Amino acid sequence: MEYNFREIEQKWRQRWVAQQTYKVTEDASRKKFYVLNMFPYPSGAGLHVGHPLGYIASDIYARYKRLQGFNVLNPMGYDAYGLPAEQYAIQTGQHPAITTEANINRYREQLDKIGFCFDWSREVRTCEPGYYHWTQWAFQKMFGSFYCNACQKAQPIEKLVEHFAKEGTANLDVAQSEELSFTADEWNSWDEVKQQQVLMNYRIAYLGETMVNWCPQLGTVLANDEVIDGVSARGGFPVVQKRMKQWCLRVSAYAQRLLDGLETIDWTESLKETQRNWIGRSEGAEVEFKVKDSDKSFTIFTTRADTMFGVTFMVLAPESELVQELTTPEQKAAVDEYLAYVKKRTERDRISDRKVTGVFSGSYAINPFTGEANPIWISEYVLAGYGTGAIMAVPAHDSRDYAFAKHFNLPIVPLVEGCDVSEESFDAKEGIVCNSPKAGATPYIDFSLNGLTIKEAIAATKKYVKEQGLGHVKVNYRLRDAIFSRQRYWGEPFPVYYKQGMPQMIPEECLPLELPEVDKFLPTETGEPPLGNAKKWAWDTKTNSVVDCSAIDNETVFPLELNTMPGFAGSSAYYLRYMDPHNDQALVSPEADEYWQNVDLYVGGSEHATGHLIYSRFWNKFLFDLGVSRKEEPFQKLVNQGMIQGRSNFVYRIKDTNTFVSLGLKDQYDVTPLHVDVNIVSGDVLDVEAFKAWRPEYATAEFILEDGKYVCGWAVEKMSKSMFNVVNPDMIVEKFGADTLRLYEMFLGPVEQAKPWDTNGIDGSHRFLKKFWNLAQNILAQNTQTAPTAAELKSLHKLIKKVTEDIENFSYNTAIPAFMIATNELTQLKCTNPAILEAMVVLIAPFAPHIAEELWESLGHSTTVCDAQWPQFEEKYLVEDTVKMMVAFNGKTRFGIDFPADADNTTIEAAARNHELTSKYLEGKQIMKVIIVPKRMINIVCK
RNA sequence: GCCCAGAUGGUGGAAUUGGUAGACACGAGGGACUUAAAAUCCCUUGACCAGUGAUGGUCGUACGGGUUCGAUUCCCGUUCCGGGCACCA
C-alpha cells in the first residue's frame with residue numbers, strides 16, 4: 001500500500017475533532033503538565049513556515065508527556081487587540097473586530113492542517129468581553145493596592161489609609177512616586193479629593209504626570225520596550241518626550257522580586273541576562289553634599305563611593321528642581337539659555353549626537369570627606385529620572401565625567417595606583433587605591449583608603465557614610481513603571497469614570513465594561529483619543545450602566561475614560577485564564593489553579609524578553625500577592641524558538657534592458673539584482689516560463705543562461721512579503737503532508753537557533769516517512785508472531801533511549817536521525833515483528849501523529865495512539881559480551897581488538913601482552929598507564 | 001564602552017560533555033532498473049600526498065599559545081559574527 005498522506009491526515013484530523021481526542025479536564029488522579037505557546041497576534045498575512053516552529057516543538061513535548069501518562073494542558077488562543085487591525089480600520093472603515101475575526105479564522109484553518117494537539121475548547125481571545133473582564137478586574141485590583149516594601153508584597157489600599165489616619169507618613173516603608181511627608185492630623189483634615197490625590201502616589205495602578213514616549217505618527221504613547229533607538233518598534237516613527245497624565249503600573253516596586261525570581265526558573269542564561277540588564281540593579285550610596293555659603297544641601301547617588309577624593313565638580317540634570325535653587329543671579333542668564341537649548345533637543349538628538357554641553361550654576365558644593373568646595377555644573381548627560389538627578393563627577397574614573405572635564409578644563413585627580421589618565425579615564429573597578437589623604441590629615445575623615453583594593457575601598461567608604469550620617473546605602477533600578485494608557489480604539493477600555501477630575505472605578509459587579517462603537521477610529525478634532533468619538537460613553541452611577549454622553553451632568557452621570565489599555569494588558573495573565581476559560585465568576589477558580597499551578601513549559605520568541613515576559617511576571621506576582629495565583633513565577637521553563645529566516649532568490653537584470661543574466665555570468669555585465677519569488681525557483685534554478693508569467697513587465701524578458709539553466713543568487717533575509725521569500729505552510733502540507741512538515745522543521749536544527757528556511761531539504765524527511773511506512777506495511781503483511789530477535793530489540797531500545805533523552809532536552813534535530821537509522825536497520829534485518837513496530841509507532845507519534853495513528857489502527861487498536869504507553873527503555877538489550885576497542889600506544893591508534901565488555905585494567909594489560917597483534921609492541925616495554933575509554937578505546941602509555 | 005552567546009565540509013548540522021571529528025540530511029558525482037522521465041535502490045563525497053589496488057600517510061573543528069597519554073570540548077590571548085544594555089553615575 002502506498003503512503004497516501006493526504007487521505008491519512010484528513011481522516012485523522014476529522015476523527016480527532018469528532019472524538020474530542022485533545023480535550024482535557026482536571027483529573028486529580030493524574031499528574032498535570034502545562035505546555036504553553038506564546039499566543040499569536042492574528043495578522044492579515046497569515047502564517048508562514050516560521051510561525052509553527054515553536055508550536056511544533058511544544059506539540060511534540062505535549063504529546064510525549066501525554067504518552068508518559070501526564071494530564072497535559074496545551075491550549076491556544078489569540079492576542080487579538082493590536083495596531084494593524086486598527087490602522088486597517090482607519091484606512092478602510094472596516095471595524096477591527098471584523099478584520100480580526102477573519103484573520104483568526106484563517107490562522108485557525110492553517111493551524112488545523114499541521115496536526116496540533118491543542119484543546120480548542122479552551123481558546124481565549126483577548127478582545128472578547130468574557131476575557132477582558134478579568135484584565136479590567138486585575139487593573140481595578142492594582143488600583144486598589146499599594147506595595148509594602150517592609151513585607152515585600154501588595155496590600156489593600158485601605159491599610160494605607162488606616163496608617164495615614166493614625167500616623168501620617170511616619171514609619172512608612174512603601175513604594176511611591178515621590179517621597180511625601182505629612183502627619184495624621186494633616187491627612188484627616190484633607191477632603192476626599194485631596195486624599196485621593198495623595199493616594200495616587202502609592203497605588204500600584206496610578207494616574208501619573210510623567211514624561212512619556214510620544215509617537216506623533218502613531219498618535220499614542222509607547223512603553224520603553226516599544227521604543228528602539230528613539231523610534232517606535234512598530235513602524236519606525238520618531239518618538240519624542242512629552243509630559244502627559246497617563247495610567248501607570250508600579251512595576252518598579254517589584255524590581256527586586258523580578259530579579260530574585262530569575263534564580264528560581266529554568267530559562268536560558270542569555271534571556272535571564274537580558275532581563276537583569278533591563279531591571280538594571282545597581283548598588284551604591286546616596287551622599288549628601290552641603291551647598292557652600294548656604295543652608296541648602298542635595299543628595300547624589302554613586303556606585304563608586306571610593307572615589308570621594310577624586311571629585312572635582314558636581315553635575316545636575318537640567319530637569320532637576322535643584323537647578324533653579326542653586327543657580328546664582330550672575331549665572332541665571334547663561335543657565336536659562338542652556339535650559340532652552342536642552343528643551344529643544346529630542347531623545348533622538350541626544351542619542352545620535354553626544355556632544356559635551358553644560359553650564360556652570362554659580363554655586364559650590366562641599367565634599368563631606370575633604371571639605372573642599374566643588375563647582376556645581378548643569379549638563380544634559382545627567383539624567384533626571386535616574387538616582388537623584390545629581391552626581392558627583394570623578395573625571396579620572398568615569399569616561400563621561402572625563403569628557404566633560406576635558407571640555408571645560410576642570411581638574412582630574414587619579415586615585416588608582418599606576419593608572420594613566422592623560423588620554424582617557426580609568427573606569428575599571430580594579431586596582432589599588434592611592435592619593436587618598438593619610439588618616440587624620442583632614443578633620444573630616446580619620447582613615448586612609450590608600451593600599452586597599454577598589455572593592456574594599458567601596459565597602460569602607462559606604463560603611464563610613466552610613467556611620468557618620470552623611471548619607472545611606474541605596475539600591476537603584478533602571479526598571480521604570482509601565483505606562484499603561486494608549487490613545488487607541490482597539491484595546492481594552494479602562495473600567496474608570498471621572499468625578500471631579502479624579503478617577504473612580506466602576507463597581508466590580510458591573511464588569512466587563514464593553515468597548516463602545518465609534519463611527520471613526522481616528523482621534524477627535526479636539527485631539528482626544530478615538531473613544532472620544534463614542535456617542536454612548538458615560539457612566540450613570542444611579543443605574544450603574546453605560547449611557548449616552550449627552551447625559552453627563554457630573555452629578556450622577558460622569559464621563560468614562562477615553563484611553564485604552566496597551567497590548568501587554570491582555571497577554572499578561574492569559575495562561576491563568578486557559579485553566580478555567582469559561583468561568584464568569586473569577587479569573588480562574590481556586591480548584592483549577594490549584595490543579596494546573598503554573599506553566600511547566602513555555603515556548604516563544606526571545607523578542608518578548610523585555611516586554612511581555614517582564615509584564616506577565618509582574619502581573620502574576622501581583623496576583624500571587626492577592627492569593628489568586630498559586631505560584632510566584634508563571635513560566636517555570638522557557639524555550640526560545642529561533643526565528644526562521646527567509647532564503648531570498650535574486651535575478652540579475654542588465655541595466656536599462658529587460659535581459660536577465662544567470663548568476664555565474666553576471667560579473668561580465670552591469671546588473672541590478674532583483675528579488676524573485678522563491679516559489680518559482682527550485683534548487684536556485686529559475687523556472688523561466690513561470691517568471692515570464694509572474695509579472696506583466698517580465699513577459700518579454702530575455703535570458704542569458706549558463707548550461708541551459710538560469711541560476712539565481714540567494715541571500716538570507718527576514719521572511720517577508722516584500723522580499724518574495726515567504727513560504728506558506730499550507731503549500732508544504734499540500735505537497736508533502738503535515739507529518740513531513742513537522743519532521744522537517746524539527747530536523748532543520750536546534751529549536752532555539754535562528755536558521756534560514758530552505759525547502760530543498762524537505763525531500764529527505766518525506767523519504768524517511770515513506771521508508772518508515774514501507775517497513776510498517778511489510779511488518780503488517782507478514783505479521784510474524786515469534787519473539788523479536790536480539791538485533792531487533794537492540795535497534796529498538798537504542799532508539800527508545802535516544803528519543804526519550806532527546807525529547808527531554810529539546811534535541812529534536814538529533815532524535816529524528818535516530819528514527820532514520822532504526823528504520824534502515826530494521827529494514828535490513830527484514831523485521832516482521834509487530835511488537836517492534838508497535839513500539840516504534842508510539843515513539844514517532846509525537847513527531848508525526850497522523851502516520852502514527854494510521855499504523856496504530858492497522859495494528860488492531862481501537863483507541864488512539866495518544867492513549868498509548870511510552871515504551872520503557874531496557875539496558876539489557878544494549879549490553880554486549882565483547883566490545884571491539886581500539887588499542888593505542890602513547891596515543892597512536894594501532895589495533896582494533898575484542899575485549900570482554902567488563903574488562904578492567906589488569907585483564908586488559910594481560911590480554912594486550914598476550915594478543916598476537918599487540919604483544920610485539922609491548923615486548924621489552926614498560927607499561928606506565930592503561931587508560932580505558934569505556935566501549936571505545938584503550939590507550940597504553942609505555943616506554 | 002559593559003554584559004551574554006557563538007565560530008565544525010559545498011549547505012543545514014552531529015559528536016555519549018576530555019576519548020575513532022564530520023552522525024543524519026541536503027547538494028554534487030558515479031552506477032542499477034527503465035524506450036524515456038519520474039520514483040526507487042546502491043556506491044563515492046573534509047583537504048592533501050603515495051599506490052594499479054586493497055590500503056597507507058600528513059593536515060584539519062576561526063587564529064595563536066597552554067594543560068593532558070589524548071582537546072571541537074578545559075584555561076589564557078587575538079579576530080570575526082549574533083544578541084542584550086547604554087551618557088543609569
Side-chain angles (χ1 to χ4, degrees), chain A residues 2 229 268-282 284 300-305 307 315 317 350-351 354-357 379-383 385-394 397-401 403-404 424-425 427-429 476-480 606-607 609-610 640 642 647 683-684 714 743-744 747-750 752-765 767-768 770-771 774 801-802 805 811 813-821 824 884-886 888-893 896 928-943:
Chain A
E2 279 268 299
D229 292 336
T268 61
E269 202 42 50
S270 68
L271 190 65
K272 287 188 190 182
E273 196 59 31
T274 302
Q275 291 216 338
R276 283 188 201 111
N277 283 342
W278 190 259
I279 295 166
R281 180 191 156 103
S282 68
I300 59 95
F301 174 73
T302 180
T303 56
R304 292 291 303 273
T307 58
V315 188
R350 271 195 168 193
I351 291 166
R354 293 188 175 175
K355 45 184 182 186
V356 179
T357 65
S379 174
E380 61 179 335
Y381 86 87
V382 174
L383 305 177
Y386 187 78
T388 61
I391 62 151
M392 60 181 213
V394 185
H397 302 292
D398 182 291
S399 51
R400 296 153 299 179
D401 298 344
F404 195 85
E424 55 184 1
S425 60
D427 291 14
K429 287 188 193 178
N476 263 323
Y477 300 91
R478 201 191 74 93
L479 185 71
R480 310 283 178 84
S606 58
E607 66 273 20
T610 53
N640 286 125
R647 190 176 183 281
D684 288 337
W714 61 276
L743 231 43
Y744 184 58
F747 181 64
L748 220 45
E752 299 89 340
Q753 217 165 81
K755 57 223 152 208
W757 176 269
D758 184 357
T759 308
N760 288 329
I762 202 166
D763 286 339
S765 301
R767 235 171 258 156
F768 156 67
K770 278 200 242 176
K771 284 188 199 170
N774 291 338
K801 184 168 191 241
K802 180 79 178 144
E805 282 171 5
S811 300
N813 59 323
T814 57
I816 292 163
F819 280 111
M820 297 177 174
I821 292 165
N824 283 340
K884 192 169 200 95
M885 291 204 259
M886 293 312 255
F889 297 98
N890 296 340
K892 297 267 182 192
T893 305
M928 309 298 291
K929 208 182 335 180
V930 177
I931 299 151
I932 305 174
V933 179
K935 295 181 189 174
R936 221 15 98 71
M937 62 185 287
I938 296 161
N939 190 13
I940 297 174
V941 185
C942 50
K943 67 174 183 187

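Not measured: the values here are computed from a predicted model. Chain naming here is simple, since letters A, B, ... match the order of the sequence lines and numbering starts at 1 in each.
The gap from the P atom of B:U34 to that of B:U45 amounts to 28 Å, rounded to the nearest Å. Spacing of P atoms, B:U61 relative to B:A7, comes out at 13 Å, to the nearest Å. Comparing the P positions of B:G70 and B:G66 gives a spacing of 12 Å, expressed to the nearest Å. Using atom C1' as the reference point in both B:A71 and B:U20, the two lie 14 Å apart (nearest Å). Taking atom C1' on both nucleotides, B:G53 is separated from B:A28 by 26 Å, rounded to a whole Å. Rounded to whole Å, the P atom of B:U17 lies 44 Å from the corresponding atom of B:C87. Atom name P, nucleotides B:G46 and B:G10: the rounded distance is 10 Å, in whole Å. With P as the reference atom, B:A21 and B:C76 are 26 Å apart, rounded to whole Å.
Applying the side chain to side chain contact (heavy atoms under 4.5 Å, CB included) rule to A:A403 yields the partners A:V356; only residues at least two apart in sequence or on another chain are considered. Scanning for ring-ring contact (aromatic ring centres under 6.0 Å, His included) contacts around A:Y477 gives an empty result, with sequence neighbours left out. Looking at residues two or more places apart in sequence or on another chain, you find no ring-ring contact (aromatic ring centres under 6.0 Å, His included) involving A:F768. Remark: A:A305 engages A:T461, A:K462 in a side chain to side chain contact (heavy atoms under 4.5 Å, CB included) (not counting sequence neighbours). With sequence neighbours excluded, the residues forming a side chain to side chain contact (heavy atoms under 4.5 Å, CB included) with A:S811 are A:D806, A:N809, A:N813, A:T814, listed by chain and number. In terms of the side-chain hydrogen bond (donor to acceptor under 3.5 Å, both in side chains) criterion, A:R480 has no residue partners (sequence neighbours excluded). Judged as a side chain to side chain contact (heavy atoms under 4.5 Å, CB included), and not counting sequence neighbours, the contacts of A:R647 are A:N649, A:D684, A:W714, A:D758.
Taking atom CD1 of residue A:I391 and atom C1' of nucleotide B:C87, one finds them 9 Å apart after rounding to whole Å. Summarising the geometry, the separation between CG on A:N640 and P on B:G84 is reported as 12 Å, rounded to the nearest angstrom. We find that CD of A:E752 is positioned 16 Å from C1' of B:C4, with the value rounded to whole Å. Computed from coordinates, the A:N774 CG to B:U40 P distance equals 10 Å when rounded to whole Å. Remark: P of B:G83 and CG of A:N277 are 15 Å apart, rounded to the nearest angstrom. Taking atom NZ on A:K755 and atom C1' on B:A7, their separation rounds to 17 Å, with Å as the unit. In this entry the distance linking CD of A:E273 with P of B:G84 reads 13 Å, nearest Å. Rounded to an integer number of Å, the gap from A:L479 CG to B:C85 P is 13 Å.
In terms of heavy-atom proximity, A:Q753 sits nearest to A:K755 at O-NZ, 3.1 Å. Here the closest non-hydrogen pair linking A:A393 and A:D401 is CA-OD2, 3.3 Å.
Backbone-only engagement by A:K770 is indicated by non-hydrogen atom pairs under 4.0 Å involving sugar-phosphate atoms exclusively. Residue-level contact check: A:Q753 touches the backbone only, with heavy atoms under 4.0 Å from sugar-phosphate atoms and none from bases. Among the heavy atoms of the strands lying under 4.0 Å from A:L748 are primed sugar atoms or P, OP1, OP2 only; no base atom is included. Across all strands, A:P750 comes closer than 4.0 Å only to sugar-phosphate atoms, never to a base (heavy-atom distances). Residue contacts for A:R281: at a heavy-atom cut-off of 4.0 Å it reaches no nucleic acid atom on any strand shown.
Annotation: of the two residues near RNA chain B, A:S270 and A:G389, the 5′-most nearest-nucleotide partner is A:S270.
No side-chain heavy atom of A:I391 sits less than 4.5 Å from a side-chain heavy atom of A:D398. No side-chain heavy atom of A:Y744 sits under 4.5 Å from any side-chain heavy atom of A:I816.
Using a 90° window around 0 for the glycosidic torsion, B:U17 falls inside it and is classed as syn. Base orientation of B:G9: syn, the glycosidic angle falling within 90° of 0.
Among B:C3, B:A89, B:U40, the nucleotide with an atom closest to any side-chain atom of A:T302 is B:A89. For A:V382, taking side-chain heavy atoms from C-beta onward, the closest of the listed nucleotides B:G13, B:A39, B:A89 is B:A89.
Note on A:Y381: every side-chain N or O is 4.0 Å or more away from OP1 and OP2 of B:A89. Residue A:T274 has no polar side-chain atom (N or O) positioned under 4.0 Å from OP1 or OP2 of B:C4.
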Requested in this report: Going 5' to 3' through nucleotides 23-31 of chain B, assign each nucleotide B (protein heavy atom under 4.0 Å from a base atom), S (under 4.0 Å only from sugar-phosphate atoms) or - (no protein heavy atom that close).
Outcome: BBSS-----

Requested in this report: Convert the base pairs of RNA chain B into dot-bracket notation, remembering that pairs crossing earlier ones are written with [ ] and that bases paired across to another strand are shown as |; include only Watson-Crick or G-U pairs under 3.5 Å.
Outcome: ((((.((..(((......[....)))((((((.......))))))(((((....)))))..(((((..]....))))))).))))....

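Using cut-offs of 30° and 60° on the angle between ring planes, the pair A:Y381 and A:F404 is tilted.
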